[in-house]
K.L.:
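To start, I am sharing the structure in question, which I have written as structure tokens.
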Amino acid sequence: MTDTSIQPTNSVSVDETQSLQSVSSSSHDQTQNLSSDQQNSNNNQNNQMQLMTQPKFYQIIDVIVEYQKGNFLPALHCLKYNLIPKDFLDFSGYNILHHAVSYNNIPLVLILLDYFKIDVNIPSRNNQTALMIACNYGFTEIVGILCDRGASINDQEDTKFSALLYTVKQGWIPHFCYLLYQNADIHTRDANGCTIVHWAAYKNNIFLLRLFKRIGMDLNVLDSTGLTPLDRAVQSDAYEAVKYLVENGDGKMPPNMKLNEIYNPDIKEYLRRQYLKTKKEQIIDQLTQVFDKNSQIITFGIYAFLWLFMMIIYVKSVMNQGFSYVYDLVFLVFGLFFIFYTYWYYLKSLTQIDKVKKFAYQKLHIQTETPNNERIPASYQMSLRLNFEALNKLVQDEKETVIQENETEAFPTFLHELAYHFKMKNYREINKFDAKDYCPTCLVKKQPRSKHPKQSKTCVNHFHHYSDILHTSIHKKNHIFYLVLLIKQMALLSAFLIAVFAVQGPKVQNRAIFLIEVGYHLGNSFGLYQAIFYAVFVILAAYNLFFLTIELYGIIYNLTYNELFNRNRYSYLFKIKLDPRGAYVKYFNNPYDRGIWNNIKEYFSRSFQ
């Protein structure tokens with residue numbers, strides 16, 4: 001019989017076996033994961049221990065080399081944490097402030113001066129200051145910053161160069177004017193005893209030489225080696241400076257100058273003609289001086305002499321030949337009128353032109369002055385707050401002071417204007433400064449179409465040319481009287497020649513040499529002297545016609561004589577355009593030409609203002 005009771009046994013069912021296997025495998029996996037995590041953590045701890053025990057290397061930066069290359073950040077960190085002193089000088093002998101100025105790094109200069117409180121006058125190893133460096137490079141804004149923070153103006157380096165000498169050497173005129181405003185010493189000298197006049201001459205800077213003469217500097221001053229500014233100009237082949245210094249010097253050859261040692265042929269020949277003249281040249285100079293002193297009387301005498309012989313020739317060769325009596329009468333009356341006008345123009349016009357214009361104002365009802373409704377610029381009112389005492393002493397004239405109480409201009413001189421822009425931090429206006437637009441003698445901005453002739457004491461508005469006979473400039477107010485003289489000369493010469501041609505013309509056989517044959521027949525009939533004076537009058541007529549044509553052309557196209565012959569000097573007469581090839585070309589463009597009729601009206605209106 002089979003026993004069916006349940007007995008204890010060690011076996012398990014299939015499901016149980018599978019479940020046990022799955023539990024066993026999962027527990028084994030967990031054990032492996034725990035062991036791997038523990039191993040990773042142990043490795044990390046080992047790595048950290050190794051990093052802590054090994055030295056850490058950083059990149060080494062040479063602070064000095066970096067800020068010499070323009071990277072100032074490491075040096076600023078060192079200054080902040082007091083790793084280097086503020087007055088530290090590198091191996092080149094300069095402080096970080098000097099390098100910041102040389103790089104024109106304006107924010108860094110402000111940080112060094114205002115935050116780190118570095119001395120604005122800290123010297124380099126050769127005693128050069130930051131202001132000297134800024135003046136040498138012409139850094140406008142930095143010059144203003146340094147001066148506002150108390151930079152010493154008159155300090156000198158080892159070679160005795162000051163900030164003022166640097167501005168003259170490099171030709172920085174606005175900075176020079178501002179240092180004058182800051183009461184810089186204009187008599188400073190370098191190690192060779194050279195003044196600012198020597199350096200301006202050496203650099204061929206005529207603008208500064210004219211300015212120095214205006215403010216009373218000695219153009220013949222000697223340096224420590226006995227050389228004058230003229231000697232320095234010769235050394236640098238500065239031809240324009242040589243001419244200016246000779247014309248405005250004392251007339252004596254510098255004691256140390258040796259013409260045979262001058263290599264520039266143009267300068268050598270010019271100085272020889274000035275200082276070692278031949279007897280012929282001396283006689284010519286003496287005659288020229290006599291003429292200059294009595295030019296008006298001599299010129300009128302020549303006119304009278306030629307007019308007298310013209311009348312004699314006319315009477316003998318024309319009136320006696322049965323020419324028209326009406327023509328003869330008109331010619332003689334016009335000739336008398338011409339000689340009286342010539343007398344008035346050359347001997348009386350300088351004192352009576354105003355009277356003539358006053359008469360024209362009254363009879364023609366021409367307004368004498370244009371009302372000035374312009375308000376005094378606000379910049380002038382602000383400039384009154386500045387202390388211009390140093391500049392006023394320099395620009396004071398021998399007879400009267402330039403500064404006036406009823407000043408209506410923005411600034412008395414361009415020196416004041418530049419100083420004002422520096423103080424007001426108008427650096428854009430300073431950078432626009434162009435020496436060609438200013439007169440260093442009158443110390444003002446030149447008006448358009450004006451010029452300062454070397455023979456004149458002031459700038460001449462609407463300048464045409466300078467008359468050596470009248471010793472005055474021909475300009476818009478007296479040009480019409482000069483034009484009338486040319487017209488009368490041309491009319492008288494034309495009337496004379498027409499009458500001579502009418503009488504002697506029928507005798508001419510070869511029309512190709514008409515003028516020559518007329519002179520030949522005139523000489524045969526009335527003597528050689530008449531033929532000679534006839535030739536003189538023909539030449540004078542051609543000469544007068546040439547200048548009259550130039551003046552009439554200038555009136556028609558609204559150009560002055562100076563602009564016609566020196567147009568390349570004036571940029572306002574040109575414009576730049578792009579040609580078809582893609583290149584920029586400069587072409588003539590007269591901005592004052594408003595049409596022929598309007599130009600003529602403007603000329604007469606301008607002449608009687």
K.L.:
Could you verify whether a donor N or O on one side chain and an acceptor N or O on the other, from D593 and N599, lie under 3.5 Å apart?
P.N.:
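Per modelled atom types, D593 and N599 side chains form a pair under 3.5 Å.
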
K.L.:
Can we call the ring centroids of H475 and H462 under 6.0 Å apart?
P.N.:
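Not close enough - the centres of the two rings lie 6.0 Å or further apart.
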
K.L.:
If we check side chain to side chain donor-acceptor pair (under 3.5 Å) with E563, which of these qualifies: Y572, Y557, Y592?
P.N.:
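For E563, the side chain to side chain donor-acceptor pair (under 3.5 Å) test succeeds with only one of Y572, Y557, Y592, which is Y572.
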
K.L.:
Would Y561 and F463 count as a close aromatic pair, with their ring centres under 6.0 Å?
P.N.:
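No; F463 has its ring centre 6.0 Å or more from that of Y561.
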
K.L.:
Testing the 3.5 Å rule here: is there a donor-acceptor pair between the side chains of Q170 and H175?
P.N.:
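H175 and Q170 do not have a side-chain donor-acceptor pair below 3.5 Å.
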
K.L.:
Mind running side-chain hydrogen bond (donor to acceptor under 3.5 Å, both in side chains) on N562 and T560 for me, showing each step along the way?
P.N.:
CA-CA 5 Å; N562 182 48; T560 66; 5.0 Å; no

K.L.:
Please name the pair of heavy atoms, one in G150 and one in N121, separated by the smallest distance, quoted to 0.1 Å.
P.N.:
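Looks like O-ND2, 3.4 Å.
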
K.L.:
Looking at side-chain heavy atoms only, is the closest gap between I118 and I96 below 4.5 Å?
P.N.:
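When only atoms from C-beta onward are counted, I96 and I118 do touch, with a gap below 4.5 Å.
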
K.L.:
Using only atom types and a distance under 3.5 Å, with no angle test, would you say the side chain of K446 pairs donor to acceptor with the backbone of K436?
P.N.:
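Between the backbone of K436 and the side chain of K446 there is a qualifying donor-acceptor contact (under 3.5 Å).
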
K.L.:
To the nearest 0.5 Å, how far apart are CD in Q68 and CG in D90?
P.N.:
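Rounded to the nearest 0.5 Å, the CD-CG separation comes out at 4.5 Å.
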
K.L.:
Centres of the Y482 and H465 rings: under 6.0 Å?
P.N.:
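Judged by ring-centre distance (under 6.0 Å), Y482 and H465 do meet the cut-off.
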
K.L.:
For H99 together with F72, are the ring centres under 6.0 Å from each other?
P.N.:
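Ring centres of H99 and F72 not closer than 6.0 Å.
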
K.L.:
Honestly, is K268 close enough over Y263, meaning NZ or CZ under 6.0 Å from the six-membered ring centre and within 45° of the axis?
P.N.:
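No, a cation-pi geometry is absent between K268 and Y263.
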
K.L.:
Would you call D148 and K425 a salt bridge, taking side-chain N to carboxylate O under 4.0 Å as the test?
P.N.:
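K425 and D148: salt-bridged.
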
K.L.:
Judged by modelled atom types alone, do D185 and N154 share a side-chain donor-acceptor pair under 3.5 Å?
P.N.:
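No, because no side-chain N or O of D185 sits under 3.5 Å from a partner of the opposite role on N154.
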
K.L.:
Quick one about R214 and T441 (side-chain donor to acceptor, distance below 3.5 Å, no hydrogens or angles considered), yes or no?
P.N.:
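The answer is no; no qualifying pair exists.
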
K.L.:
When you measure from the side chain of D434 to the backbone of D437, do you find a donor-acceptor pair of N or O atoms at a distance under 3.5 Å?
P.N.:
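Flag not set: sc D434 to bb D437 has no pair under 3.5 Å.
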
K.L.:
Using a 4.5 Å cut-off on heavy atoms from C-beta on, say whether the side chain of V460 contacts that of K451.
P.N.:
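They are not in contact (no side-chain heavy atoms under 4.5 Å apart), so the answer is no.
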
K.L.:
Have T228 and D231 got a donor and an acceptor in their side chains that come within less than 3.5 Å?
P.N.:
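A donor-acceptor contact under 3.5 Å links the two side chains.
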
K.L.:
Flag the pair R272 and E281 as a salt bridge only when some basic side-chain nitrogen lies within less than 4.0 angstrom of an acidic carboxylate oxygen.
P.N.:
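Salt bridge: yes.
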
K.L.:
Tell me the closest heavy-atom pair linking L89 and P123, and the distance in Å.
P.N.:
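Heavy atoms only, the tightest pair is CD2-O, 3.8 Å.
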
K.L.:
Between K243 and E240, is there a side-chain N and carboxylate O pair less than 4.0 Å apart?
P.N.:
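Between E240 and K243 there is no salt bridge, as every charged N stays at least 4.0 Å from the carboxylate O atoms.
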
K.L.:
So, is the end of the K575 side chain (NZ or CZ) under 6.0 Å from the ring centre of Y587 and within 45° of the ring's axis?
P.N.:
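No, a cation-pi geometry is absent between K575 and Y587.
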
K.L.:
So which atom in L131 and which in C147 form the shortest heavy-atom distance, rounded to 0.1 Å?
P.N.:
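In this case the closest contact between L131 and C147 is CD1-SG, 4.1 Å.
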
K.L.:
Quick one: does any side-chain atom of S224 pair with a main-chain N or O of N192 as donor and acceptor, under 3.5 Å?
P.N.:
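Side chain of S224 to backbone of N192, a donor-acceptor pair under 3.5 Å: yes, one is there.
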
K.L.:
Have Q128 and Y94 got a donor and an acceptor in their side chains that come within less than 3.5 Å?
P.N.:
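The criterion, which ignores hydrogens and geometry beyond distance, is satisfied for Y94 and Q128.
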
K.L.:
Taking F176 as the fixed residue, which of Y166, W199, F212 is the one that meets the ring pair (Phe, Tyr, Trp, His ring centres under 6.0 Å) rule?
P.N.:
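Output: one option passes, namely F212.
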
K.L.:
Closer than 4.0 angstrom, basic N to acidic O: yes or no for D223 and R189?
P.N.:
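So D223 does not pair with R189 through a salt bridge.
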
K.L.:
What is the distance from atom CG of L227 to atom OH of Y202, rounded to the nearest 0.5 Å?
P.N.:
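Answer for the CG-OH pair, L227 versus Y202, is 12.0 Å.
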
K.L.:
Mind listing the closest non-hydrogen atom pair of L164 and T188 along with its distance?
P.N.:
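It is CD2-CG2, 4.4 Å.
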
K.L.:
Distance from N204 atom CG to L209 atom CG, nearest 0.5 Å?
P.N.:
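Interatomic distance, N204 CG to L209 CG, rounded to 0.5 Å: 8.0 Å.
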
